[in-house]
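Read the structure below first, then the notes.
Everything quoted here is computed from the prediction, not taken from an experiment.
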Amino acid sequence: MFAQILGETTCGIDGVQILVEVDVSNGLPNFDLVGLPALAVRESKERVKAALRNSHYPFPMTKITVNLAPADLRKEGSGLDLPIAVGVLCCCRLLDAEKVREKVFVGELSLDGRIRKVSGVLSMIMDAKRSGAKEIFIPKDNAAEGKLVHGITVYTAATLSEIVEHLQGKAPLTPLPKENILQNQQRVYHVDFADVKGQLVARRGLEIAAAGGHSILLVGSPGCGKTMLARRMVTILPPMTEAEALEVTKIYSIVGLLPQADSVMLERPFRSPHHSISGSALLGGGSTPRPGEVTLSHNGVLFLDELPEFERYTLEMLRQPLEDGEVNISRVRAALTFPSRFILVAAQNPCPCGYLGDKLHRCTCKQKDIDAYRRKISGPLMDRMDMQINLARVEFAELKEKAAGESSAAIRERVVKARLIQQRRLGQWGLYCNAQMGRSEVVKYCKLDDNAQAVLEKYFNMLHLSARSHDRILKVARTIADLAGSEQITARHIAEAIQLRTSVSN
């Protein structure tokens, strides 16, 4: 007997449909699994045997061959257990092959026949829909993800027996209801910009960064509030759109980091890796490439505290994602592209001891140590920082001020208005914010009047800026103008953009 069942696996952050072919023929008892299965998939034959027996279904004591097509794609994960088991049952004539046509099965089987949760189900459902499947069966513990995709019927089951009885017509399962992704969107934060005392320039810089999606470097002595400011960045970012929320949810589902209580990632991610992180963990990689921190920060914030403490080789890897918004990873088995459009917020001390330029503490560093410290951050990487801001020590008078500062909600209101302007302007190009503009968009949307052009030319020549710096200044100035509700970029907007970019001396 021969049967074909549809299953799903993942490749990178996307789902891939797998055709599970099962052949049961006369011969000595044997169970062969072919089609480039990984170790977790090869072990599925033992799980399938035990699950069928413990679910009181016969297991044929003959020659069984299972082929996973396409054969040139390495199959990862344990989600192919369920389609293999369904295929064996079809060959045993316990299930009608016609009843499983155009249906997709995903799930890991336990030895007693229960169906366990698997990672990446959202990507698999989305791929099944693209492939034209009518129905998909997933583990009950993945039900939250199953409610998010419209246009395909999703069933959940806790055991193999439930799926068999449904397909036999004895106990039909109820399809999952669909959920409006943004209906439960509630923004509750335990931190707020109102808690921050002083640092008006840094607050302004972070507002511009949030409004335009720009990268920003904060430089200041220990205790001046760099980390405090950075951790409040997500509180002023605009809410995610439905497309952004699905994209982030898919990434977190793949890596198994989707919160148990949440069906969808509604809040923009904030990632803060330690400076001991490896290059593969930051950008993604491994023998089978997995997303790294830059991809987990997609549509959110990547905060790198104590920037010079990171390995220089690791930091240099950030050049491509900062420039292109994606990471290309090539391995022998696959070449994958991961999305990585994030806002980079970096923080560092001005010198090894941290007190260079401080009004109250004397710097104890030698000039050669200061130079070596600064050389840890290469010129090309610094050139990709849209804004570079010096933070001054917070005075006691500012700390004792009882009046709260401007709240995150008030700042976010201005940020949202600026983002809406950018979306109307750039939406036709598939761009969300000014930082994503390419050269052609900069030329089209960042036109300067004569005064603004004169200011930019003066400082471009005086500071020996690069062509990349020129475009990034224009992008920041465009965001400043959007925050002010101005269609025209004026000399004032250019001057502020230049000041925010060049306030840190190297």
Side-chain angles (χ1 to χ4, degrees), residues 12-13 119 191 215-234 248 251-252 254-259 268-323 326-331 336 338-356 364-365 368-385 388-389 391 504 506:
I13 62 170
S119 299
V191 294
S215 56
I216 183 171
L217 172 66
L218 305 176
V219 180
S221 57
C224 68
K226 302 186 295 295
T227 302
M228 185 179 188
L229 284 161
R231 293 192 179 280
R232 283 157 177 74
M233 181 69 169
V234 290
V248 173
I251 293 168
Y252 277 72
I254 286 288
V255 297
L257 293 179
L258 197 62
R268 295 186 181 273
F270 179 89
R271 304 292 297 183
S272 180
H274 190 261
H275 58 73
S276 62
I277 190 172
S278 67
S280 294
L282 183 63
L283 258 72
S287 57
T288 301
R290 302 278 288 176
E293 290 292 334
V294 296
T295 301
L296 293 174
S297 306
H298 183 60
N299 291 330
V301 176
L302 176 64
F303 176 46
L304 301 183
D305 201 5
E306 306 296 344
L307 189 65
E309 301 302 325
F310 286 78
E311 290 290 337
R312 178 165 177 150
Y313 172 76
T314 301
L315 290 179
E316 292 306 301
M317 292 182 174
L318 288 172
R319 291 195 202 177
Q320 184 199 7
L322 283 174
E323 200 72 27
E326 61 184 24
V327 177
N328 297 314
I329 298 177
S330 297
R331 294 292 184 269
L336 301 173
F338 295 140
S340 59
R341 293 197 180 276
F342 57 89
I343 297 176
L344 174 62
V345 180
Q348 70 172 74
N349 295 327
C351 66
C353 77
Y355 293 109
L356 180 65
T364 59
C365 302
K368 66 175 184 178
D369 296 329
I370 296 174
D371 293 340
Y373 182 77
R374 290 177 173 176
R375 280 197 298 269
K376 291 181 179 180
I377 313 300
S378 69
L381 182 58
M382 285 292 288
D383 206 30
R384 286 168 168 80
M385 296 290 185
Q388 304 164 19
I389 299 175
L391 277 69
V504 175
N506 287 289

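- Between the side chain of T314 and the backbone N or O of F310, no donor-acceptor pair lies under 3.5 Å.
- Annotation: side chain of V345 is not in contact with side chain of L302 (no heavy-atom distance under 4.5 Å).
- Side chains of N328 and Q320 form a contact here, defined as non-hydrogen atoms less than 4.5 Å apart.
- For the pair Q388/V219, no side-chain contact is recorded, criterion being any heavy-atom separation below 4.5 Å from C-beta on.
- Distance check, rounded to the nearest 0.5 Å: CG of L218 to CG of L307 gives 10.5 Å.
- L318 has its side chain within reach of L304: a pair of non-hydrogen atoms, C-beta onward, lies under 4.5 Å apart.
- Between the side chain of E293 and the backbone N or O of P273, no donor-acceptor pair lies under 3.5 Å.
- Put simply, the side chain of S297 never gets that close to the backbone of G300: no donor and acceptor are under 3.5 Å apart.
- A distance-only check finds a donor-acceptor pair linking the side chain of S340 to the backbone of E326 [under 3.5 Å].
- Between P269 and L296 there is no side-chain heavy-atom pair separated by less than 4.5 Å.
- Between L381 and L322 there is a side-chain heavy-atom pair separated by less than 4.5 Å.
- Counting only heavy atoms from C-beta outward, the side chains of R341 and P339 never approach each other to under 4.5 Å.
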